[in-house]
Chemist: 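I have a structure here, written as structure tokens, and I will follow up with some questions on it.
Since the structure is predicted, the reported quantities are computational estimates derived from the model, not experimental observations.
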Amino acid sequence: MSSASDPLVGLAGLPGVADSVDSVRKAVDRVYGHRVMRRRSGEITSEAALRGARGSAALSGADWALEEVRRRTDFGAEPEALTVGAALRLTAEAGQLLSIWRQSPLRVLARLHLVAVGSTAEGDVVGRPRLAGEPVVEPLVEAPLPTADEVAGRLDGLSRIVIAGGSAPALVTAAVVHGELLALRPFGSYNGLVARAAERIVLINSGLDPKAICPAEVGHAEQGAEAYLAAFEGYLSGTPEGMAAWIGHCGRAIELGVRESTAVCEALQRGAA
């Protein structure tokens, strides 16, 4: 990924990407226009956070039922419980980091990793990019790991793009942030959770989803791990077709998240939730 000024604008012109951007914008506008949003938006935001965390955890190997996530209070030492707990903490923390993201995205990523690891933190390997020779534990993604030096250089490039801003659509920026972090796996653990939390931050901070009611994590999980990995392979390829496929996949994930929150709105309107 180039660190040239506003390199994401070119991605927005890839075949099919403009259609994805338009479709996402229309879907988001529809759910924001729902009558329930006028008086109960806080409830929709809370429910979207819970469902988003569940979806992100599912892609990291902890595919729990929503009601199990809702009722549990103990996310102790068992691996799946740790993953679900990390996803819940990240979703809660994302909204607290919006003002920092555009000034210091690397600081936000470090904070996200610290939050994900939580009380299981071990020494100085937490909250910083990995060094040469340090292992990475990452369920699902088996792509070759970039070197520590490459990670440092590409994180710097990603940071410069975020800080510079630009005119690329929120969907494109969010997809690239997500894909780049998943490709780099800069931390020793929880990289998938951090990548999806960063995608969430971009979507909120861009103004596309300011109330955080369109959980893309739900859509990523609903499309399934196989489709997620296939689309991610497109990102890794760096080809126009592969990048467009990844961006389209992320767009579809947002639309499925919108559908989930629309269903919550409808349930609240009927008095069933």
Chemist: Are any of the side-chain nitrogens in Glu67 or Arg70 under 4.0 Å away from the carboxylate oxygens of its partner?
Modeler: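 Salt bridge present between Glu67 and Arg70.
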Chemist: With side chains defined as the heavy atoms from C-beta onward, is the minimum distance between Glu233 and Trp246 less than 4.5 Å?
Modeler: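 No, every pair of side-chain atoms sits at 4.5 Å or beyond.
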Chemist: With side-chain contact (heavy atoms from CB on, under 4.5 Å) as the criterion, how do Leu97 and Ile100 come out once you've worked through the C-alpha distance, each side chain's angles and the decisive distance to 0.1 Å?
Modeler: CA-CA 5 Å; Leu97 299 172; Ile100 306 172; 4.1 Å; yes
Chemist: Do the side chains of Asp63 and Arg54 get close enough for a salt bridge, i.e. N-O under 4.0 angstrom?
Modeler: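 Here Asp63 pairs with Arg54 in a salt bridge, since their nearest N and O are under 4.0 Å apart.
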Chemist: How long is the gap from CD on Glu199 to CD1 on Ile201, to the nearest 0.5 Å?
Modeler: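 With rounding to 0.5 Å, CD (Glu199) is 11.0 Å from CD1 (Ile201).
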Chemist: Take Val9 and Ser167 through the side-chain contact (heavy atoms from CB on, under 4.5 Å) test and state the conclusion after the steps.
Modeler: CA-CA 7 Å; Val9 171; Ser167 58; 3.4 Å; yes
Chemist: In plain terms, say whether Arg51 and Glu47 are close enough for a salt bridge, that is, a side-chain N and a carboxylate O under 4.0 Å apart.
Modeler: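 Answer for the salt bridge query: yes.
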Chemist: Using only atom types and a distance under 3.5 Å, with no angle test, would you say the side chain of Thr45 pairs donor to acceptor with the backbone of Ser41?
Modeler: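 A pair under 3.5 Å: yes.
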Chemist: Between Leu88 and Leu112, is there shared hydrophobic-cluster membership here, with clusters defined by ILVMFWY side-chain heavy atoms closer than 4.5 Å?
Modeler: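 No; Leu112 is not reachable from Leu88 via cluster members.
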Chemist: Treating Arg130 as the side-chain partner and Val151 as the backbone partner, does any N or O pair qualify as donor plus acceptor under 3.5 Å?
Modeler: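 No: the side chain of Arg130 does not pair with the backbone of Val151.
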Chemist: Please report the interatomic distance CD(Glu222) to CG(Leu59), rounded to the nearest 0.5 Å.
Modeler: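 Rounded to the nearest 0.5 Å, the CD-CG separation comes out at 11.5 Å.
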Chemist: Check whether Ser60 reaches the backbone of Ala57 with its side chain - one donor and one acceptor, N or O, closer than 3.5 Å.
Modeler: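 Such a contact is absent between Ser60 side chain and Ala57 backbone.
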Chemist: Please say whether more than 12 non-hydrogen atoms of neighbouring residues, nucleotides or ligands are located less than 6.0 Å from CD in Glu68.
Modeler: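 Enclosed: over 12 neighbouring heavy atoms sit under 6.0 Å from CD of Glu68.
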Chemist: Hey, could you give me the CD1/OG1 distance between Ile161 and Thr173, rounded to the nearest 0.5 Å?
Modeler: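 These two atoms lie 8.5 Å from each other.
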Chemist: Just by modelled atom types, is the Asp19 backbone N or O under 3.5 Å from a matching donor or acceptor in the Ser23 side chain?
Modeler: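 Absent.
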Chemist: Using side-chain heavy atoms (C-beta onward) and a distance below 4.5 Å, is Leu181 in contact with Leu158?
Modeler: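 Yes, at least one pair of side-chain atoms sits under 4.5 Å.
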Chemist: Test salt bridge (charged side-chain N to carboxylate O under 4.0 Å, His left out) on Glu255 and Arg259 and set out the steps.
Modeler: CA-CA 6 Å; Glu255 291 185 62; Arg259 187 176 71 178; over 6 Å; no
Chemist: Are any non-hydrogen side-chain atoms of Val31 and Cys214 less than 4.5 angstrom apart?
Modeler: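 Side chain of Val31 against side chain of Cys214, heavy atoms only: contact under 4.5 Å found.
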Chemist: Any side-chain donor-acceptor pair under 3.5 Å between Tyr190 and Glu138?
Modeler: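 No - no donor-acceptor pair under 3.5 Å links their side chains.
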Chemist: Please examine the side chains of Val177 and Trp101, heavy atoms only from C-beta on, and report whether any two atoms are closer than 4.5 Å.
Modeler: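 They are in contact (side-chain heavy atoms under 4.5 Å apart), so the answer is yes.
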Chemist: Can you measure from CE (Met243) to CG (Leu236) and round to the nearest 0.5 angstrom?
Modeler: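 Here the rounded value is 9.5 Å.
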Chemist: Does the side chain of Ser261 pick up a donor-acceptor pair with the side chain of His34 at under 3.5 Å?
Modeler: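 No pair is found: no donor N or O on one side chain lies under 3.5 Å from an acceptor on the other.
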Chemist: May I ask you to decide if Ala87's main-chain N or O and Thr91's side chain share a donor-acceptor pair within less than 3.5 Å?
Modeler: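 Such a contact is found between Thr91 side chain and Ala87 backbone.
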Chemist: Test side-chain contact (heavy atoms from CB on, under 4.5 Å) on Asp209 and Ile254; report intermediate values, then the result.
Modeler: CA-CA 10 Å; Asp209 181 23; Ile254 297 169; over 6 Å; no
Chemist: For a side-chain contact (heavy atoms from CB on, under 4.5 Å) check, start with the C-alpha distance between Arg72 and Val84, then their side-chain angles and the critical distance, and finish with the verdict.
Modeler: CA-CA 10 Å; Arg72 282 283 288 267; Val84 175; over 6 Å; no
Chemist: Can you hop from Val28 to Ile44 via hydrophobic side chains spaced under 4.5 Å?
Modeler: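 The answer is yes; both residues are in one hydrophobic cluster.
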Chemist: Can you check whether Ser56 reaches Leu90 side chain to side chain, under 4.5 Å on heavy atoms?
Modeler: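 Answer no - side chains too far apart.
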Chemist: Please list all pairs passing the salt bridge (Lys or Arg N to Asp or Glu O under 4.0 Å) test where one or both residues lie in residues 26-36, with sequence neighbours left out.
Modeler: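 As it turns out, the salt bridge (Lys or Arg N to Asp or Glu O under 4.0 Å) pairs with a partner in residues 26-36, which skip direct neighbours, are Asp22-Lys26, Arg25-Asp29.
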Chemist: Side chain of Ser159, backbone of Leu155: donor and acceptor closer than 3.5 Å?
Modeler: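 A pair under 3.5 Å: no.
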Chemist: Indicate, with yes or no, if the rings of Tyr228 and His178 have centres closer together than 6.0 Å.
Modeler: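 Yes, the ring centres sit under 6.0 Å apart.
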Chemist: Within a strict 4.5 Å, meaning less than it, do heavy atoms of the Val264 and Ile213 side chains meet?
Modeler: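 No - every pair of side-chain heavy atoms lies 4.5 Å or more apart.
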Chemist: Is atom CD of Glu142 surrounded by more than 12 heavy atoms (other residues, nucleotides or ligands) closer than 6.0 Å?
Modeler: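 Atom CD in Glu142 is not packed in, count stays at 12 or less.
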Chemist: Has Arg128 got a side-chain atom pairing as donor or acceptor with Val126's backbone, closer than 3.5 angstrom?
Modeler: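 Judged by distance alone, no pair lies under 3.5 Å.
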Chemist: What distance do His220 atom NE2 and Arg196 atom CZ have between them, rounded to the nearest 0.5 Å?
Modeler: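 Here the interatomic distance stands at 7.5 Å.
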Chemist: Apply salt bridge (charged side-chain N to carboxylate O under 4.0 Å, His left out) to the pair Glu43 and Arg40, showing each step before the final yes or no.
Modeler: CA-CA 6 Å; Glu43 294 172 71; Arg40 304 181 72 175; 2.7 Å; yes
Chemist: Can you check whether Val115's main-chain N or O pairs, donor with acceptor, with Arg89's side chain at less than 3.5 Å?
Modeler: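 Pair found, side chain donor or acceptor close to backbone of Val115.
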Chemist: Going hydrophobic residue to hydrophobic residue with side-chain gaps under 4.5 angstrom, can you get from Val137 over to Leu131?
Modeler: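 No.
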Chemist: Kindly say whether Ala27 contributes a backbone atom to a donor-acceptor pair with the side chain of Tyr32 at under 3.5 angstrom?
Modeler: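 Flag not set: sc Tyr32 to bb Ala27 has no pair under 3.5 Å.
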Chemist: Is Pro105 close to Ile163 at the side-chain level, that is, under 4.5 Å between some pair of heavy atoms?
Modeler: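 Counting from C-beta outward, Ile163 and Pro105 do come under 4.5 Å.
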Chemist: Do Val117 and Phe187 have side chains that approach each other closer than 4.5 Å (heavy atoms only, starting at C-beta)?
Modeler: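 In short, these two side chains do not touch, never coming nearer than 4.5 Å.
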Chemist: Compare every heavy atom of Ala94 with every heavy atom of Arg200, then report the nearest pair and how far apart it is.
Modeler: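 Arg200 and Ala94 have their closest heavy atoms at CD-CB, 3.9 Å.
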Chemist: Short question: side chain of His113, backbone of Ser189 - any donor-acceptor pair under 3.5 Å?
Modeler: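 Yes; at least one donor-acceptor contact below 3.5 Å.
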